[in-house]
Amino acid sequence: MAEAAAANAVAGDSDAAAGDRDSADEEMDDLEAEGDDDEDAAAADEEAADEQAKFKAAFKQASADKKKKGKKAAAGSSAVEGVGTGALAAAKHAVGVDVKELITWKEGTPVPYAFLAETFETIATTSKRLEIISTLTSAFRAILAGTPGDLLPAVYLCTNRVAAAHAGIELGVGDAILIKALASATGRKESTIKGDYESSGDLGVVAASCRSAQRTLFTPAPLTIGGVLKTFKEIAKASGQSSQEKKKGLISKLLVASKGCEPGYIMRSLQAKLRIGLAEQSVLVAIAHAVLLHKEGAEDKDGKLADRLEQASQTVKTAYSECPSYDMLIPALLEHPLAELASHVHFMPGVPVKPMLAKPTTGVGEVLDKFTGCEFTCEYKYDGERVQIHVLNGGKAVHIYSRNAEDMTPRYPDILARLPAWLAPGTDSIVIDGEAVAWDPEKGKILPFQVLSTRARKEVALADVKVQVCVYAFDCLYHNGASLLHEPLTKRRELLHASLVEAPGQLAQATTKISNDVEELEALLNEAVDASTEGLIVKTLGDTYEPSRRSSHWLKLKKDYLAGVGDTFDVVPIGAFYGRGKRAGVFGAYLLAVYDDEGETYQTISKLGTGFSEEQLTALAESLRPAIIAKPRSYYKYGESGAPDVWFEPTQVWEVKAADLSISPLHQAGLGLVEPGKAYLYGERVPSGACMPRCQPIPAVASARATPLMCCRRFPRLVRVREDKGPEDATTASQVADMYRQQAVVTAEARSKAKAGDDEEM
DNA sequence: GTTGTCTGCCC
DNA sequence: ATTCTGC
DNA sequence: GCAGAATGGGCAGACAAC
């Protein structure tokens, strides 16, 4: 019944929804109550048990709940499919809905949070995107008709944000605080909650069951959308001493005031994972549809409503990717006609555009296939940090944004200082897309990503910059007052080259070559790798910049993508971590080890959480469960803080692919196999344990580490299970050490520096 | 002060 | 980052 | 092909605990 109420809340039966809410609470009383020490096990009410099953099923084990889901979906779904009619199908329900009937609150008053939570609950019952969008569209329309001022906070709650990415406002809330807050809100032990989290894989489910099992002494005032967002903002604002306590208190207060399905979504919102198949792109479409239908009514008078809906969602998506700020988007939509949106919300220096992304490819052949008949160009893919540099007033005002639109300006005082000198005469304003790469000024060489990552993140004085960077520019999005997003790459690149003056070791144009020959491309890929880059980005020359799209106009070609090429290791799973969300009930990740034949130990090398199909995930969990042991074997070498939830006997061997090896503070592969002095790229361990400077500047990679060399790997993923190998046939520690020594970039650096280090030590 | 844990954000 | 999956 | 949801290593910074 709870579910029916939730579904009806949006489907139009608002009275039923409101009326049933209390009884729904009661029915959910024994959700997961079994085994809880602080509650009597209520008599099993069959209906409630069914509800529980459905509720859990909606978030768990897709295979197990398919039947139920099918039934639920069938109850209220349009069966309309097909690409061309997508927009209309998505809005079909929304179109047929009498919005007035959805408004469960007094018009003009704050929208109850329950309205949004129930909308989420409805969305959670389906995986059909069109249905998700239509449900959300109806909810937004109701808000627009009832209390339009609440659309903005509702959108924030749907996208798990409190402010635009570039505003630098973070919640500062993670699982640990949430568990504490839930404990304090419900009077349960943290350990109980942790246990429930491990078994259900969802803090939202844990919160919902705790709260509904709780006898409430008085009825708190209902939460509102605006109120919840306001509290989220307060949580974000809290800083300084006892700020954690304050955050905990605020979350706890929200939980205490929440009922029904609210606590679950409060928890998930704070985790920034709604996990109902709804995220930014769908929210944008729903916004567009809701605004259109709100403004011009929901009747398809001319038979062209579908076109207009589709166009509206394109308009809104474009506006948002050019200017990713709901604070700007939503008011503009409310105040101006849709047709004028682009003139109010568009790319402008000072606000980061969503960067264009590249699509992975599996080889040169695929690249040539995709680009037959197009002119294209290859660029080195530098291994650093994406930077979008906004320059105004000839360099007097500069902002630097990350790939995810975070404001990184304080991190790069060196770029700010140097920038005016990079501007060619006549360049007043420009937006540069590029990669900031760690740079060794002595040797004039690129340094690995791990070095870059040691740079300070907060405001740093120019003189305190420890790691030099070189910016490799590869695109130009804005030039002297004009957006170039809609210009072809050829033109953007011409302007880029014309507007910047290279400065050795500080600013360079990305290396670019044009070729359409298989062998030449392969040679280029090798050159790129030899030049300390990750590979190539291949781009069509005639296409425009497509913010936020991983379009096939840019393809990335990395050595480790290539089938049969790149480093694969044969490793042994010696432990595992309980899965969360859709991986609840199986292991979500595994702890992997290599075999040290000298010491007859297993040394951890990395975790692994991707590359398996759902089927495989289930099968692996089944096959490894019998191998579970109570304690790690004495011959397992692992980092204490990386201990898994369960340990295994060494039984299987998996082939795992990864990008490269790095020095790890945690993992143990190759422990002691590379001499201490050679273990560090940029520092030298001395007997006292301090990390001595070797050259200036010195990023103290691994400075605080107790052990010489421990390797781990970037981007590990499963290739296959090796049925043909036993654990002792796994890759050995010494092989790992060899591979570490041979890594192109690192080797050169490590060898020369280590040699120098040896000399000095003597 | 130092150390350890948590979080966010790079990849 | 990589990968898988439903639509 | 898109959008969403699983998951990786590892760094600095902010706090809390010692």
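Throughout, a chain's letter reflects where its sequence line sits, starting with A, and its residues are numbered from 1.
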Original post:
Of Leu718(A) and Leu357(A), whose closest DNA chain C nucleotide lies nearer the 5' terminus?
Top reply: Leu357(A)
Original post:
Where the side chain of Ser282(A) is concerned, which of dG1(D), dA16(D), dG4(D) is the nearest nucleotide?
Top reply: dG4(D)
Subject >> Leu447(A) CG to dC11(D) C1', straight-line distance once rounded to whole Å >> reply: 16 Å
**OP:** Using heavy atoms to find the nearest nucleotide of DNA chain C for Gln616(A) and Phe715(A) separately, return the residue whose nucleotide is more 5′.
**Re:** Phe715(A)
Subject >> Per Glu406(A) side chain, nearest of listed nucleotides dC10(B), dT7(B), dG8(D) >> reply: dC10(B)
Original post:
Which part of the nucleic acid, if any, lies within reach of Phe577(A) when heavy atoms closer than 4.0 Å are counted: base, sugar-phosphate only, or nothing?
Top reply: nothing
Original post:
Between dT3(C) and Tyr561(A), is there an OP1 or OP2 to side-chain N/O distance shorter than 4.0 Å?
Top reply: no
Subject >> Residue Lys370(A), side-chain heavy atoms: nucleotide from dA5(D), dG9(D), dG1(D) that is nearest >> reply: dG1(D)
Original post:
Does OP1 or OP2 of dG10(D) have a side-chain N or O of Ser664(A) closer than 4.0 Å?
Top reply: yes
Subject >> Nearest-neighbour nucleotide for the Arg129(A) side chain, dG10(D), dG4(D), dA3(D) considered >> reply: dA3(D)
Subject >> N or O in side chain of Lys556(A) less than 4.0 angstrom from dT2(C) OP1/OP2 >> reply: yes
Original post:
Out of dT2(C), dG13(D), dC10(B), which nucleotide sits closest to the side chain of Ala456(A)?
Top reply: dG13(D)
Original post:
Does Lys607(A) put a side-chain nitrogen or oxygen below 4.0 Å from OP1 or OP2 of dG8(D)?
Top reply: yes
**OP:** Please identify each residue that fulfils ring-ring contact (aromatic ring centres under 6.0 Å, His included) with Tyr472(A), with sequence neighbours left out.
**Re:** Tyr382(A)
Subject >> Between dC9(B) (C1') and Glu170(A) (CD): distance, integer Å >> reply: 9 Å
Original post:
Would you say a side-chain N or O of Lys317(A) is under 4.0 Å from OP1 or OP2 of dA3(D)?
Top reply: yes
**OP:** With the side chain of Gln450(A) defined as its heavy atoms from C-beta on, choose the nearest nucleotide among dG10(D), dA5(D), dC10(B).
**Re:** dG10(D)
Subject >> Short side-chain N/O contact to dC2(D) OP1/OP2 from Lys359(A), under 4.0 Å >> reply: yes
Original post:
Among dA3(D), dT3(C), dC11(B), which is the nearest nucleotide to the side chain of Arg717(A)?
Top reply: dT3(C)
**OP:** Only counting residues at least two apart or in another chain, list the ones meeting ring-ring contact (aromatic ring centres under 6.0 Å, His included) with Tyr578(A).
**Re:** none
Subject >> Side chain of Arg275(A) (C-beta onward), nearest among dA16(D), dA3(D), dA6(D) >> reply: dA6(D)
**OP:** Could you tell me whether the phosphate oxygens of dT3(C), OP1 or OP2, come under 4.0 Å of any side-chain nitrogen or oxygen in Ser613(A)?
**Re:** no
Original post:
Using a cut-off of 4.0 Å on non-hydrogen atoms, how would the nucleic acid contact of Ile177(A) be classed: base, sugar-phosphate, or nothing?
Top reply: sugar-phosphate
Original post:
Given that Arg455(A) and Val283(A) both sit by DNA chain D, which one's nearest nucleotide is further toward the 5' end?
Top reply: Val283(A)
Original post:
Quick one: is dA14(D) close enough that its OP1 or OP2 comes under 4.0 Å of any side-chain N or O from Lys458(A)?
Top reply: yes
Original post:
Across the strands shown, which category fits Ser641(A) at heavy-atom distances under 4.0 angstrom: base, sugar-phosphate, nothing?
Top reply: nothing
Original post:
For the pair made of OH in Tyr382(A) and C1' in dC11(B), what is the distance, rounded to whole Å?
Top reply: 18 Å
Original post:
Any side-chain N or O of Ser453(A) under 4.0 Å from OP1/OP2 of dG10(D)?
Top reply: no
**OP:** Go through dT7(D), dG4(D), dA16(D) for me and flag the one nearest to the Gln241(A) side chain.
**Re:** dA16(D)
Subject >> Under 4.0 angstrom between Arg549(A) side-chain N/O and dC2(D) OP1 or OP2 >> reply: yes
**OP:** Indicate, yes or no, whether a donor-acceptor pair under 3.5 Å links the base of dT7(D) to the side chain of Thr610(A).
**Re:** no
Original post:
Whole-Å distance between dC10(B) C1' and Leu452(A) CG?
Top reply: 8 Å
**OP:** Using whole Å, report how far CG of Asp560(A) lies from P of dG8(D).
**Re:** 18 Å
Original post:
Quick one: Glu614(A) CD to dA5(D) P, roughly how many Å, whole number?
Top reply: 13 Å
Original post:
Considering only heavy atoms and no angle criterion, is a donor-acceptor pair shorter than 3.5 Å present between the side chain of Arg457(A) and the base of dC11(D)?
Top reply: yes
Original post:
If you check every side-chain atom of Glu534(A), which of dC11(B), dG9(D), dG8(D) has the closest atom?
Top reply: dC11(B)
Original post:
Between Leu592(A) (CG) and dT2(C) (P), how many Å, whole number?
Top reply: 18 Å
**OP:** Establish, with yes or no, whether the OP1 or OP2 oxygen of dT2(C) is under 4.0 angstrom from a side-chain nitrogen or oxygen of Lys558(A).
**Re:** yes
